[in-house]
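Everything on this sheet refers to the single structure shown next.
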Amino acid sequence: MSIYLQLHPISPQRRFLRQAVDCLRSGGVIVYPTDSCYALGCHIGDKAALDRIRAIRETDRNHHFTLVCRDLADVGRYALVENWQYRLLRAHTPGPYTFLLKASKETPRRLKHERRGTIGLRVPDHPVTQLLLAELNEPVMSSTLLLPGEDLPRTDAREIYERLEHSVDLVLDGGNCGLVPTSVIDLSGDHAEVVRVGRGDVTPFANAAPV
């Protein structure tokens, strides 16, 4: 049975976040809030935990995961970022965007898109996520908590816990996150391309390119 922890949404209890970090480091799968939807997360180096998330979501090996990062320093470690891309990232992080970039050598091969060699990265603007990442001191491998047969993510952490208490190890309740996923911006080519319109204004990315 998993652990359910109710957090203050603005000033989350650090002892609970440390418990979540210990869970991640020991191979666990957690549910945590972001600035768009609830997400499933695991340690970046844990293939078995990654496979558990795939089983929960019933996705195949081609499913795209996202590296949820503390800041642009983390992004720059796991992705190749040119100056024009960095300017866009700096102006729009933290925020409700997922950016597709060419993966660096630091990124485990299993996390890269097989053909394009890209990785999805984001820097959420949510106090729970930010403090969790600060305690962990590295990114979390994540996937939106969209369950099989459901069209919308779940927003009630207590309901999520009741549904997944035998599938995940820990649920962090940070309140309602909403139903709208991130906007996805592809920066892996020679210009920005809006792949999915979600939360966040996508106007600044329309055909943005190197200057």
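All figures in this text were calculated on a predicted structure; none of them were measured in a lab.
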**Message:** Please determine whether side-chain hydrogen bond (donor to acceptor under 3.5 Å, both in side chains) holds for the pair Thr118 and Ser188, giving the CA-CA distance in whole Å, both sets of side-chain angles, and the decisive distance to 0.1 Å.
**Reply:** CA-CA 7 Å; Thr118 54; Ser188 65; 5.6 Å; no
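- Using a 4.5 Å cut-off on side-chain heavy atoms (C-beta onward), Leu147 and Leu145 make contact.
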**Message:** Run the side-chain hydrogen bond (donor to acceptor under 3.5 Å, both in side chains) test on Arg52 and Ser167 for me, step by step, so that the C-alpha distance in whole Å, both residues' side-chain angles and the decisive distance to 0.1 Å come before the verdict.
**Reply:** CA-CA 8 Å; Arg52 286 176 60 195; Ser167 301; over 6 Å; no
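- Nearest heavy atom pair, residue Val180 against residue Gly198, reads CG1-C, 3.7 Å.
- Trp84 and Leu100 end up in different hydrophobic clusters when Ile, Leu, Val, Met, Phe, Trp and Tyr side chains are linked at under 4.5 Å.
- Between atom CZ of residue Arg122 and atom CG of residue Asp35 there is a gap of 4.5 Å, rounded to the nearest 0.5 Å.
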**Verdict with supporting geometry, His92 and Phe205, ring pair (Phe, Tyr, Trp, His ring centres under 6.0 Å)** = CA-CA 10 Å; His92 300 285; Phe205 303 104; 4.6 Å; yes
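- Of all heavy-atom pairs between Gln13 and Gln6, the closest is NE2-O, 3.6 Å.
- Closest approach of Arg57 and Thr144 over heavy atoms only: NH1-O, 3.0 Å.
- Note on Ile56: it clusters hydrophobically with Ile44, by side-chain heavy-atom contacts below 4.5 Å among ILVMFWY residues.
- Of all the heavy atoms in Thr155 and Gly178, the pair that sits closest is CG2-O, 3.3 Å.
- Summarising the geometry of Glu150 relative to Arg154, their closest heavy-atom pair is OE2-NH2, 2.7 Å, with the distance given to 0.1 Å.
- Counting only heavy atoms from C-beta outward, the side chains of Arg70 and Gln130 never approach each other to under 4.5 Å.
- Heavy-atom minimum distance, Asp173 versus Arg158: OD2-N, 4.4 Å.
- A continuous path of hydrophobic side-chain contacts links Phe65 to Val123 [ILVMFWY only; heavy atoms under 4.5 Å].
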Can you give each donor-acceptor pair under 3.5 Å made by side-chain atoms of residues 22-30, sequence neighbours left out, with the distance rounded to 0.1 Å?
{"from": "Arg25", "atom 1": "NH2", "to": "Leu136", "atom 2": "O", "distance (Å)": "2.9"}
{"from": "Ser26", "atom 1": "OG", "to": "Asp22", "atom 2": "O", "distance (Å)": "3.0"}
{"from": "Ser26", "atom 1": "OG", "to": "Cys23", "atom 2": "O", "distance (Å)": "3.0"}

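- Tyr32 and Val171 sit in two unconnected hydrophobic clusters of ILVMFWY residues. Membership requires side-chain heavy atoms under 4.5 Å apart, directly or through other members.
- Between Tyr161 and Tyr4, the ring-plane angle classifies as tilted under the 30° and 60° cut-offs.
- By the rule that hydrophobic residues join a cluster once side-chain heavy atoms approach within less than 4.5 Å of another member, Leu88 and Ile119 end up as members of one cluster.
- Between the CD1 atom of Ile185 and the OH atom of Tyr97 there is a distance of 7.0 Å, given to the nearest 0.5 Å.
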